[in-house]
2 protein chains.
Amino acid sequence: MSEPEARPARAEQRRATEARILAAASRLFIDNGYERTTIRAVARAAGVDAGLVMHYFGSKQALFQRVTQASPMPELTGTPEEVTEQILARIAQMLAVEPAQSLALLRSVLTHPEAAEVWQEGTDRYHAEISHAIGAADADVRAALVSAVWLGVIVSRHLLKSPGLSDAGPQLVTDLLRPCLRSLTRADLPGTTG
Amino acid sequence: MSEPEARPARAEQRRATEARILAAASRLFIDNGYERTTIRAVARAAGVDAGLVMHYFGSKQALFQRVTQASPMPELTGTPEEVTEQILARIAQMLAVEPAQSLALLRSVLTHPEAAEVWQEGTDRYHAEISHAIGAADADVRAALVSAVWLGVIVSRHLLKSPGLSDAGPQLVTDLLRPCLRSLTRADLPGTTG
DNA sequence: TTGTTCAATCAACGCTTGTTGAACGAGAGG
DNA sequence: CCTCTCGTTCAACAAGCGTTGATTGAACAA
């Protein structure tokens with residue numbers, strides 16, 4: 001009964017409603033993507049009127065940005081082996097818990113131009129760091145392949161819900177992925193040409 | 001001058017128009033996905049009226065199916081090494097020339113339920129064949145990871161147009177991918193746990 | 001109490017979408 | 001010549017979309 005809710009009940013109610021809208025929007029953007037998610041559906045799921053969503057977030061695009069804006073990831077530095085482990089740790093984390101912001105962005109990355117743009121910006125730094133750690137002549141291609149593997153795994157697991165990946169634990173997946181990524185981040189074992 | 005166009009000029013014209021519509025639809029579905037591609041845009045790109053597109057293909061969904069229906073791929077069989085090479089050959093082919101049907105399907109696979117369903121059906125057989133070739137206890141997870149890598153590479157290259165991958169030749173990419181896929185298809189080298 | 005603020009609702013707008021059915025007009029068959 | 005076929009266009013529909021502005025009613029301040 002003596003809980004710390006002494007604040008003006010007005011602002012508290014507003015914050016709660018706004019949070020409910022954001023949660024509903026996140027869920028719908030993750031599940032259905034940008035185009036198939038309507039302001040009306042978000043409002044219905046949050047138990048409010050569509051006009052209120054507009055009043056709070058300005059536009060559908062702005063709401064999408066609020067949902068998908070992620071805190072910047074920590075830098076990738078060190079030897080290729082260390083960078084590989086950092087990437088694996090990141091993948092393990094994303095396999096363990098649903099990365100809401102990333103998934104909302106990923107779901108629309110192929111069909112919503114603004115999502116693709118944000119995604120690009122995010123992976124550019126990623127590429128540069130990986131490429132720098134590899135330091136070989138074909139480091140750019142290798143870094144792009146590392147990103148491609150990462151993308152494929154997360155998309156298969158969380159968005160396409162591939163049965164083989166959804167049932168497996170993060171530990172097993174990262175263990176299987178380790179030699180795969182190591183072969184990409186280390187510039188020996190050139191691959192049998194021809 | 002003596003070309004074999006003796007056929008009734010009526011049906012010939014029709015076939016040509018239908019082909020123009022299909023080509024325009026393919027391009028738009030690949031570039032913009034299902035939702036953002038409108039019947040009117042397809043008609044405009046093909047130089048015809050929107051009603052004609054409906055009259056020829058019945059519905060937008062039916063047009064999408066016509067564009068994305070692919071001839072069934074050859075079976076994957078043999079030792080894990082052989083299967084790996086077959087997959088690599090397939091990837092190389094898809095990197096060399098734009099695989100229109102697959103790209104039209106892939107672009108919408110995250111946002112169009114029917115596209116996701118068709119994709120699922122296609123990858124199920126794929127998974128079974130790879131998993132059978134591996135034959136280990138965790139073959140399902142390994143097969144799913146092989147598919148994930150394949151997905152990530154094609155998507156990054158053709159749809160997200162990752163600079164590092166778009167500039168590289170198919171030969172280099174498959175050479176880099178070979179050890180990566182071999183580590184997934186062969187059940188030795190368990191990966192350093194911990 | 002009286003007046004102000006503001007979360008929330010409501011009805012409507014302009015626009016685009018997929019889809020339809022009537023209409024037109026040039027070629028084929030007699 | 002006339003007639004039928006059929007590729008093609010045109011105009012319109014109903015539904016859904018994002019977005020807006022007026023309006024309501026309850027919590028606050030005086």
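Lettering of chains follows the sequences in order, A, B, ..., and the numbering in each one begins at 1.
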Subject >> R14(A) CZ to dT5(C) C1', straight-line distance once rounded to whole Å >> reply: 13 Å
Original post:
Can a donor-acceptor pair be found between the side chains of Q61(A) and H112(A) at a distance below 3.5 Å?
Top reply: yes
Subject >> Where protein sits on nucleotides 11-22 of chain C, one letter per nucleotide: B base, S sugar-phosphate only, - none, heavy atoms under 4.0 Å >> reply: -B----BBBB--
**OP:** Classify the angle between the aromatic ring planes of F29(B) and F64(B) as parallel (below 30°), tilted (30 to 60°) or perpendicular (above 60°).
**Re:** perpendicular
Original post:
What about R10(A): does its side chain form a donor-acceptor pair under 3.5 Å with the base of dC6(C)?
Top reply: yes
**OP:** Would you mind checking if K60(B) and E35(B) are paired as a salt bridge, meaning a charged N to carboxylate O distance below 4.0 Å?
**Re:** no
Original post:
Base, sugar-phosphate alone, or nothing: which one does F57(B) contact when heavy atoms must sit under 4.0 Å apart?
Top reply: nothing
Original post:
Taking only side-chain nitrogens and oxygens of Y56(B), does any of them come within less than 4.0 Å of OP1 or OP2 of dG7(D)?
Top reply: no
Subject >> OP1 or OP2 of dA8(C) under 4.0 Å from side-chain N/O of Q13(A) >> reply: yes
Subject >> Any donor-acceptor N or O pair under 3.5 Å, side chains S147(A), T123(A) >> reply: no
Original post:
Going by atom types alone, do S131(A) and D140(A) pair a side-chain donor with an acceptor below 3.5 Å?
Top reply: yes
Original post:
Nearest-Å distance, CG (L52(A)) to C1' (dT24(D))?
Top reply: 14 Å
**OP:** Determine the sole option in L177(A), V149(A), T174(A), L181(A) for which the side-chain contact (heavy atoms from CB on, under 4.5 Å) test with I87(A) is passed.
**Re:** L181(A)
